[in-house]
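Okay, so here's the structure we're looking at.
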Amino acid sequence: MNSFLSNTVDEIKQGFSFDSSTQTFTCLICGKNFEAGEIYPIEGRFYDASKAVRIHVEKEHGDMLKYLTSFDKKYTGLTENQKELLEMMFQGMSDREISKKTGSATATLRHQRFVFREKEKQAKLYLAIFELVEEALAADKSKDTADEIIDIPSSAKMVDDRYSITKSEEDKILSSVFESLEPLKLRVFSPKEKKKIVILRRIAAQFQNGRHYSEKEVNTILRAVYEDYATIRRYLIEYGFMERTKDCREYWLK
């Protein structure tokens, strides 16, 4: 699963990542790949992979600020008013211009700028603290992984306690709902939320990151796992494990 929020801050800002082992640039939003050394035609001109992926992000997905601020407050910590203010600041508007447009006092806007800077400091400190803890846990080879929380899809909607699933819980659910894990065969699609998430997560692993699939290809893969493949396909989209174009012609992992 291509987890958008697992990338570095710089990668998230630019909207793509680079894998040095495969020499591949990957759009973080739709998963499209651009291989270094290849030349890509765009609107009658030709570009190398590093330039092509930048053009792709801009033309297909717009500016990254709008995309990032489209995330729920649970992820950004920003109110809708704060998002609008940041967009105006991003556009280069002065406090006086923003004040005239919003009706807010310039003193209020200056205070909000101060709040944004304080949030930045807090975010940096938290990140440093958490990375130290993560590095210590990763270095401890004796630690029990049973209590580790499984990954949540970056585009998951309404993230709540149903996504709080440990590795040991996941293993128990997998053994109870699947007839076989290799090849993958689902016995029953449980209506219980935690089980549903574990099932979808495992089925999503049948697809390759960065690859786009036609609806027919998706159906073929899902039909081999479970007879009611249409239901599985719908929930993969609804729960944020996969994305698709509006015309449903292409599907890809999120």
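Just so you know, residue 1 is the first one in the sequence shown, and it goes up from there.
- Rounded to the nearest 0.5 Å, atoms OG (S175) and CD (E170) are 11.0 Å apart.
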**Message:** Run E43 and K59 through side chain to side chain contact (heavy atoms under 4.5 Å, CB included) and show every step you take.
**Reply:** CA-CA 11 Å; E43 297 182 349; K59 288 187 174 295; 3.5 Å; yes

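- Remark: D72 engages no residue in a salt bridge (Lys or Arg N to Asp or Glu O under 4.0 Å) (not counting sequence neighbours).
- Between E58 and R54 there is no salt bridge, since no side-chain N of the basic residue sits under 4.0 Å from a carboxylate O of the acidic one.
- Classification of E169 and K172 as a salt-bridged pair fails, no side-chain N sitting under 4.0 Å from a carboxylate O.
- Remark: R211 CZ is packed, more than 12 non-hydrogen atoms of other residues, nucleotides or ligands lying under 6.0 Å away.
- In this structure, Y75 contributes its side chain and L68 its backbone to no donor-acceptor pair below 3.5 Å.
- In this structure, Y251 and E217 have side chains that are not in contact, with every pair of non-hydrogen atoms separated by 4.5 Å or more.
- Shown here for N33 and N209, the closest heavy-atom pair between the two residues is ND2-O, 4.4 Å.
- The shortest distance between side-chain heavy atoms of Y226 and R187 does not fall below 4.5 Å.
- Proximity of a side-chain donor or acceptor of S99 to a complementary backbone N or O of R96 within less than 3.5 Å is not detected.
- T245 is linked by a side chain to side chain donor-acceptor pair (under 3.5 Å) to D247, counting only residues two or more places apart in sequence or in another chain.
- A donor-acceptor pair under 3.5 Å links the side-chain atoms of K185 to the main chain of A224, judged by distance alone.
- Under the 3.5 Å distance criterion, the side-chain polar atoms of E60 are left unmatched by any main-chain donor or acceptor of V57.
- Taking the side chain to side chain donor-acceptor pair (under 3.5 Å) definition, one finds that R223 meets it with Y229, sequence neighbours left out.
- Contact detail for I199 and V177: the closest heavy-atom pair is CG1-CG2, 3.7 Å.
- Residues V218 and F207 meet the side-chain proximity criterion, which asks for heavy atoms closer than 4.5 Å.
- Side-chain atoms of L222 and L236, non-hydrogen and from C-beta on, do get closer than 4.5 Å to each other.
- Residues L127 and L132 do not share a hydrophobic cluster, clusters being chains of Ile/Leu/Val/Met/Phe/Trp/Tyr side chains in contact below 4.5 Å.
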**Item:** Full working for side-chain hydrogen bond (donor to acceptor under 3.5 Å, both in side chains) between E87 and Q91
**Value:** CA-CA 6 Å; E87 177 65 30; Q91 294 171 358; 3.0 Å; yes

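- One distance of note links CD1 of I29 with CD of E243; it measures 10.5 Å at 0.5 Å rounding.
- Here the side chains of T76 and K83 are in contact, with some heavy-atom distance below 4.5 Å.
- Across every non-hydrogen atom of T26 and G31, the tightest pair is CG2-O, 3.8 Å.
- Between Q14 and V53, every side-chain heavy-atom pair lies at or beyond the 4.5 Å cut-off.
- Residues satisfying the ring-ring contact (aromatic ring centres under 6.0 Å, His included) criterion with H56, sequence neighbours excluded, are F34, H61.
- Under the 4.5 Å side-chain heavy-atom criterion for ILVMFWY residues, no single connected hydrophobic cluster contains both L78 and L65.
- Remark: aromatic rings of Y47 and Y40 are distant, center separation not under 6.0 Å.
- Nearest approach of K195 to S190, heavy atoms of both residues: CD-OG, 3.5 Å.
- Side-chain atoms of M64 and K13, non-hydrogen and from C-beta on, never get closer than 4.5 Å to each other.
- For Q206, there are no side chain to side chain donor-acceptor pair (under 3.5 Å) partners at least two apart in sequence or on another chain.
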**Item:** Evaluation steps, side chain to side chain contact (heavy atoms under 4.5 Å, CB included), between I165 and R201
**Value:** CA-CA 12 Å; I165 305 168; R201 183 173 185 267; over 6 Å; no

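- Shortest non-hydrogen contact noted between M89 and I98 is CG-CD1, 4.1 Å.
- Here the side chains of K73 and T79 are in contact, with some heavy-atom distance below 4.5 Å.
- Among all heavy-atom pairs drawn from L186 and V188, the shortest one is CD1-O, 3.3 Å.
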**Asked** Taking it one step at a time, do W252 and K32 satisfy side chain to side chain contact (heavy atoms under 4.5 Å, CB included)?
**Response** CA-CA 9 Å; W252 62 90; K32 185 171 183 179; over 6 Å; no

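- Residue D95 forms a side-chain hydrogen bond (donor to acceptor under 3.5 Å, both in side chains) with just one option from R110, R113, Q112, and that option is R113.
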**Message:** What verdict does the side chain to side chain contact (heavy atoms under 4.5 Å, CB included) test give for Y213 and L253, after you've listed the backbone C-alpha separation in whole Å, the side-chain angles of each residue and the deciding distance to 0.1 Å?
**Reply:** CA-CA 9 Å; Y213 297 82; L253 288 179; 5.9 Å; no

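- Every residue two or more places apart in sequence or in another chain that forms a side chain to side chain donor-acceptor pair (under 3.5 Å) with R233 is listed here: N219.
- Taking a 6.0 Å sphere around CD of E227, one finds it holds 12 or fewer heavy atoms contributed by other residues, nucleotides or ligands.
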